[in-house]
Amino acid sequence: MKTLVPAPRRSGWIPKGETVVVSGRAIGGMIYVGTPPLVRDDYAREKSRAFIDPSLQVAKRGTDRDGSHMPYWPGYSNIPASSRATYLDWLASGCRDASYDCGYMFLYFYGLERRFFVDAPDDQEKKDILAEARRLKDLYTENHSVQRYLGEFISVAKTIAEAPEGLDPIYDNPGWDLPLSLKMAIGAKFLADVPLSADWLLSWFLCHPEKRLRTPAERCREEFLALFKVRFSQRYPGGLKSRKPTRPMKETYRAASGEFTIEIEPKIDGELVPDISGARKPVAIAQEIADEAMIELDKLSRFLGRAPDGRGTLEAHALLPSDLWPSFPSAALDELKDWATGRVKAGGLVPAVDVVARLEGHRPDKLTKRQLTDSADALARIGFGMAPDPRFALRGPKADEPVVLFELGEAVDRLEEVTSAYRVALIELALGTFIAHADGEIVEAERNALEQRIEALENVTDAERKRLFANLQWLLATPPDLPLLRRKLKEMAPEHQKAFREIVVAIAHSDASIQAGEVAGIEKIYKALGLDPSDVYSDIHSGGTRDGPIRVRRAEPGAPGESIPAESDEGGSRIALDPSRIEAITKNTAEVSSVLGAIFADDLATDDDATTPKADASRFPGLDAKHAAFVEDLIAREHWSEDEFETLAGTHGLLPSGALETINEWAFDNHNEALIDAYEGYDIEPQIAEALKSTPELETA
């Protein structure tokens, strides 16, 4: 039963559990009532703000709930009578109505902090005051001032009222400084020579003012926290040990009321707690782990950027790093694995639109490069490959064409990370199958030659070799778009057309000597591709294979006693592939990529690393002149259709997919977000666009 205490005539604290009557209102404890003492030692001495002086006038009704008559820094003695009545009403109602202006809450809180620090109550009362401060902070969650001042009080009060081992990690810190409770808890671990766990290092990092976080850490927050802990545990299974800081912790608490300042030097068992504020190495280690986690979450983040409601979908789960699957389980992901396994056992050929529909949950009207790339990434995360991969293929599959599903052997997080030998081999396979398709028939000898070439490769990984075989299966199963190639060849510059003809000659001839039947075969290829067959002889004699002189052996008798070698039964016009010849012409990846890029400017989805121009001076540091000019045009609008984007890229001499990756990587490095979002066309991030528009023009001499 609560005790009713009449309003005292002198200053006093009304403890928890007691009730005092002021102006006819019964108010619970944890307040000061009485004559307010004078505070501050300077010339501007004033009455303590928290004290409820019963001698002051109070209105009959509280009519100032919005605090419009309250000064910016209120004290009970300097607010009008209507505001005093409103404050007392709020106290009498249990201090639980957040519709009252936060100034009334601060009047109440001024008393709590004064009692805690100035009066030095017992431990239980300190815990009660701390609990009340936490309740008030949760009551006014939308008010920044409340969160700041009460957050600082709670941070300090925890270190006094609670044992270090009872403190919890903090993952949100609205202030610039490390929370005192965090420094106390981690300092105690240094003092006891206890290794830091993942939770405490993550807490230290997230509260540190110098942390660097990109969009994936914010857009995929729960996944980021979980992945950080996983990667930390893999690096430091026994926890992180670091050198103990030598400087002791010393903190200053300035009261929200402005009435006092407290100096705090925490001790544990009589020993000063070390100050972690200046420690650098643990924070640097945390940044490394965070960077690794953010890179791994990039694809999921970009997906959620395009589809904000996509969290929890099959595609989102497939883009999670596999280490997080136990923490974020998905029955749909297991079903996808079973489906992919069945398709691989059935031969691997699956309509491309079926794969996209399986992942997106609906059947698209058309296929985009982004959809195919996302599908390849999602399948790779569960250990399955898809050929072709739009990042490297000469062209992607059409809606009515198949793709090849195959087992990678293990989950792959970053399909784009391949060797240069893999890129060259894909070019060889593409050109080789073009040649094989040229006469309308593929024979076993041609297939075997291409497979043998893959087997003979020395500088590719086992996983890349599997991908090459799958790409070969697709290239042989899907006829090349010869009309497209003919049209592109007609549009090519003369030097590019000549280089392409040299590549065809190098791949088409079977050995160091080109026999008459092989010449006829090359003529047939030229004709199928829309080239002038009469150019074959000049191309052969001009050095189409570049690595040495070419011999053309005529069918003439030799010296007496010599027999004329018999020609192969495989036919005069049947063309085999000589790996050494192919290697001779494709050893310069940049040149071949440039030629193919000119041919397939509308369809090629490849990585431009080998042909990326040198970053000349441009308006946007870090981008070369071509990409910078492209960006200047892009930011003029918020949306571009696929055709518009590709046309604009072409006017700047860029491949669309390569430019997309280059610009977005630059944007991530400089603005922590992608500039271009490829979803049903291309959306331009408005905030980055505005920032770029204000970038000064490049000064020229």
Side-chain angles (χ1 to χ4, degrees), residues 5 7-20 22 27-56 71 73-79 84 87-88 91 95 102-137 145-146 148-163 175 177 179-181 183-184 249-267 273:
V5 180
R9 293 187 177 181
R10 58 188 179 81
S11 301
W13 170 258
I14 309 301
K16 180 181 179 180
E18 295 186 7
T19 301
V20 63
V22 181
I27 302 170
M30 303 185 79
I31 57 172
Y32 285 101
V33 179
T35 303
L38 296 176
V39 295
R40 298 173 59 175
D41 295 330
D42 57 20
Y43 67 91
R45 291 173 65 82
E46 59 185 29
K47 295 177 180 180
S48 178
R49 301 176 186 278
F51 274 72
I52 299 173
D53 187 346
S55 68
L56 297 177
W73 212 323
Y76 186 84
S77 298
N78 69 2
I79 60 177
R84 292 191 192 112
Y87 176 48
L88 295 176
L91 290 175
C95 311
C102 67
Y104 299 113
M105 189 283 306
F106 272 111
L107 276 176
Y108 176 52
F109 171 65
Y110 293 160
L112 297 178
E113 68 173 353
R114 177 184 177 88
R115 178 65 176 173
F116 189 96
F117 288 112
V118 177
D119 293 351
D122 60 34
D123 290 345
Q124 183 55 52
E125 189 172 3
K126 287 179 180 177
K127 292 178 180 179
D128 291 341
I129 293 173
L130 178 58
E132 182 69 354
R134 284 172 168 150
R135 185 186 69 80
L136 293 172
K137 185 172 181 284
S145 294
V146 172
R148 176 193 165 194
Y149 284 106
L150 269 70
E152 290 177 357
F153 171 81
I154 292 168
S155 179
V156 175
K158 283 195 301 185
T159 67
I160 297 173
E162 299 177 356
D177 297 325
L180 181 59
S181 61
K183 293 196 286 186
M184 183 71 178
M249 188 165 67
K250 185 176 182 180
E251 296 293 328
T252 299
Y253 177 79
R254 294 176 176 82
S257 64
E259 295 178 357
F260 61 87
T261 299
I262 298 293
E263 298 292 338
I264 303 169
E265 291 185 298
K267 294 182 179 181
V273 177

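When a residue number appears, it is its place in the shown sequence, counting from 1.
Between Asp53 atom CG and Arg84 atom CZ the span is 8.0 Å, to the nearest 0.5 Å. Separation of atoms CD1 (Ile31) and OG1 (Thr19) is listed at 9.0 Å; rounding is to 0.5 Å. To the nearest 0.5 angstrom, Phe117 atom CZ is 9.5 Å from Ile129 atom CD1. Distance check, rounded to the nearest 0.5 Å: CD1 of Ile27 to CD1 of Ile52 gives 5.0 Å.
The only member of Leu130, Leu136, Asp128 that meets side-chain contact (heavy atoms from CB on, under 4.5 Å) when paired with Leu112 is Leu136.
Take Asp122 and apply the salt bridge (Lys or Arg N to Asp or Glu O under 4.0 Å) test, not counting sequence neighbours, and it matches no residue. Residues satisfying the salt bridge (Lys or Arg N to Asp or Glu O under 4.0 Å) test with Lys158, not counting sequence neighbours, are none. Checked against salt bridge (Lys or Arg N to Asp or Glu O under 4.0 Å), Arg134 has the following partners two or more places apart in sequence or in another chain: Glu162.
Counting only heavy atoms from C-beta outward, the side chains of Leu38 and Lys47 approach each other to under 4.5 Å. Residues Asp119 and Glu125 fail the side-chain proximity criterion, which asks for heavy atoms closer than 4.5 Å. Using a 4.5 Å heavy-atom cutoff, the side chains of Leu91 and Leu107 are not in contact. You'll find the side chain of Trp73 reaches within 4.5 Å of the side chain of Arg49, heavy atoms only. Side chains of Val156 and Ile262 form no contact here, defined as non-hydrogen atoms less than 4.5 Å apart. Contact check for Glu251 versus Met249: side-chain heavy atoms found under the 4.5 Å cut-off. Looking only at side-chain heavy atoms (C-beta outward), Tyr87 and Pro74 stay at 4.5 Å or farther from each other. Looking only at side-chain heavy atoms (C-beta outward), Trp13 and Arg114 stay at 4.5 Å or farther from each other.
When all heavy atoms of Ala256 and Tyr149 are compared, the pair lying nearest together is CB-CD2, 3.7 Å. In terms of heavy-atom proximity, Ile79 sits nearest to Pro71 at CG2-CD, 3.7 Å. In this structure, Pro36 and Ser48 approach most closely via the heavy-atom pair CB-O, 3.9 Å. When every heavy atom of Met184 is checked against every heavy atom of Pro266, the shortest pair comes out as SD-CB, 3.4 Å.
In this structure, Phe153 has its ring center under 6.0 Å from that of Phe116.
Side-chain contact, Tyr253 with Glu113: a donor N or O sits under 3.5 Å from an acceptor N or O. Checking Tyr108 against Glu132 by side-chain atom types alone, a donor-acceptor pair falls below 3.5 Å.
Atom NZ of Lys127 sits in a sparse spot, with 12 or fewer heavy atoms from other residues, nucleotides or ligands closer than 6.0 Å.
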One pair to check against side-chain contact (heavy atoms from CB on, under 4.5 Å): Phe109 and Val146. What are the steps and the verdict? CA-CA 10 Å; Phe109 171 65; Val146 172; over 6 Å; no
Trace of the side-chain contact (heavy atoms from CB on, under 4.5 Å) decision for Asn78 with Glu46: CA-CA 10 Å; Asn78 69 2; Glu46 59 185 29; over 6 Å; no
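Remark: Arg115 fails to qualify as a cation-pi partner of Tyr32 under the 6.0 Å distance and 45° angle criteria applied to the six-membered ring.
Judged by distance alone, with hydrogens and angles left aside, the side-chain atoms of Ser155 form a donor-acceptor pair with the main-chain N or O of Leu180 at under 3.5 Å. With hydrogens and angles ignored, the 3.5 Å screen pairs no side-chain donor or acceptor of Thr261 with any backbone N or O of Arg254.
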